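Below is one structure, written out as structure tokens; comments come after it.
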Amino acid sequence: MLVLPARLYASLAMCLVLSACDQEQTQSFTAVEPGEQLSAGIGTVTKSDHNAFSLPSANISPSRRLDFGVGNSFFRNPWLIAPSTISARDGLGPLFNTNTCQSCHIKDGRGHPPTSDSDNAVSMFVRLSIPAKPGQEALLERHGVIPEPVYGSQLQDVAIPGAVPEGRIRVNYTSELVTLKDGTRIELQKPELEILQLGYGSLHPDTLVWRRR
């Protein structure tokens with residue numbers, strides 16, 4: 001009779017356990033798990049139109065639906081210039097991009113860039129930054145930007161009456177033909193950002209800009 005050391009027994013036992021786990025894991029992917037087709041599990045909503053992002057989770061309780069409705073009203077209703085008869089919604093300005101959350105996050109989704117002849121960029125803002133200097137690495141890591149000295153980290157192109165907007169955002173487009181791998185040629189619109197009518201002086205000469213929508 002062959003007698004094996006205790007350590008070898010332990011190693012063999014561990015190998016068998018890991019092998020069994022491997023087999024179970026492999027077998028679990030051979031069939032669709034219940035609810036796997038739902039992107040958010042039991043919270044998934046069935047809407048697929050432009051209102052799909054405006055609905056609460058499908059598994060939210062009735063009491064929490066009331067909370068959702070209140071929060072959604074704040075998201076959709078405009079902020080007002082103070083003083084206002086509606087004190088819960090006043091305090092807008094003096095500089096801003098738009099007066100409602102919904103104006104940027106259209107139908108609770110993404111915004112869109114302005115057309116070339118638009119007067120403003122309602123659902124798009126421009127992030128500003130300057131290159132980080134030695135010792136500013138932690139600030140850059142925390143905020144993602146080093147604010148431009150005059151205009152900060154976000155250009156605000158709207159102002160209340162009596163105030164001057166920081167600038168105007170314009171996007172120009174040039175056509176660019178691209179050939180896909182299968183030989184198909186398509187035409188893309190390449191955006192070029194332009195900041196006009198700066199209200200508080202020139203930008204820092206090393207300013208970096210980033211469009212977000």
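Position 1 is the first residue of the sequence; numbering continues from there. Remember, it's a predicted structure, so these values are computed and weren't measured experimentally.
With sequence neighbours left out, the side-chain hydrogen bond (donor to acceptor under 3.5 Å, both in side chains) criterion links Ser129 to no other residue. With sequence neighbours left out, the side chain to side chain contact (heavy atoms under 4.5 Å, CB included) criterion links Ser39 to Thr44. Judged as a side-chain hydrogen bond (donor to acceptor under 3.5 Å, both in side chains), and not counting sequence neighbours, the contacts of Glu194 are Asn172. With sequence neighbours excluded, no residue forms a side chain to side chain contact (heavy atoms under 4.5 Å, CB included) with Ser48. Residues meeting the side chain to side chain contact (heavy atoms under 4.5 Å, CB included) test with Glu176, sequence neighbours left out: Val178, Lys190. With sequence neighbours excluded, the residues that form a side chain to side chain contact (heavy atoms under 4.5 Å, CB included) with Ala52 are Lys47. The side-chain hydrogen bond (donor to acceptor under 3.5 Å, both in side chains) check on Thr174 picks up nothing, with sequence neighbours excluded. For Arg76, there are no side-chain hydrogen bond (donor to acceptor under 3.5 Å, both in side chains) partners at least two apart in sequence or on another chain.
For residues 154-173, the set of pairs meeting the salt bridge (Lys or Arg N to Asp or Glu O under 4.0 Å) definition, not counting sequence neighbours, is empty. For the salt bridge (Lys or Arg N to Asp or Glu O under 4.0 Å) condition, no pair includes a residue of residues 128-152, sequence neighbours left out. Annotation: salt bridge (Lys or Arg N to Asp or Glu O under 4.0 Å) contacts involving residues 54-71, sequence neighbours excluded, comprise Arg64-Asp67. Note on residues 77-91: no pairs pass side-chain hydrogen bond (donor to acceptor under 3.5 Å, both in side chains), not counting sequence neighbours.
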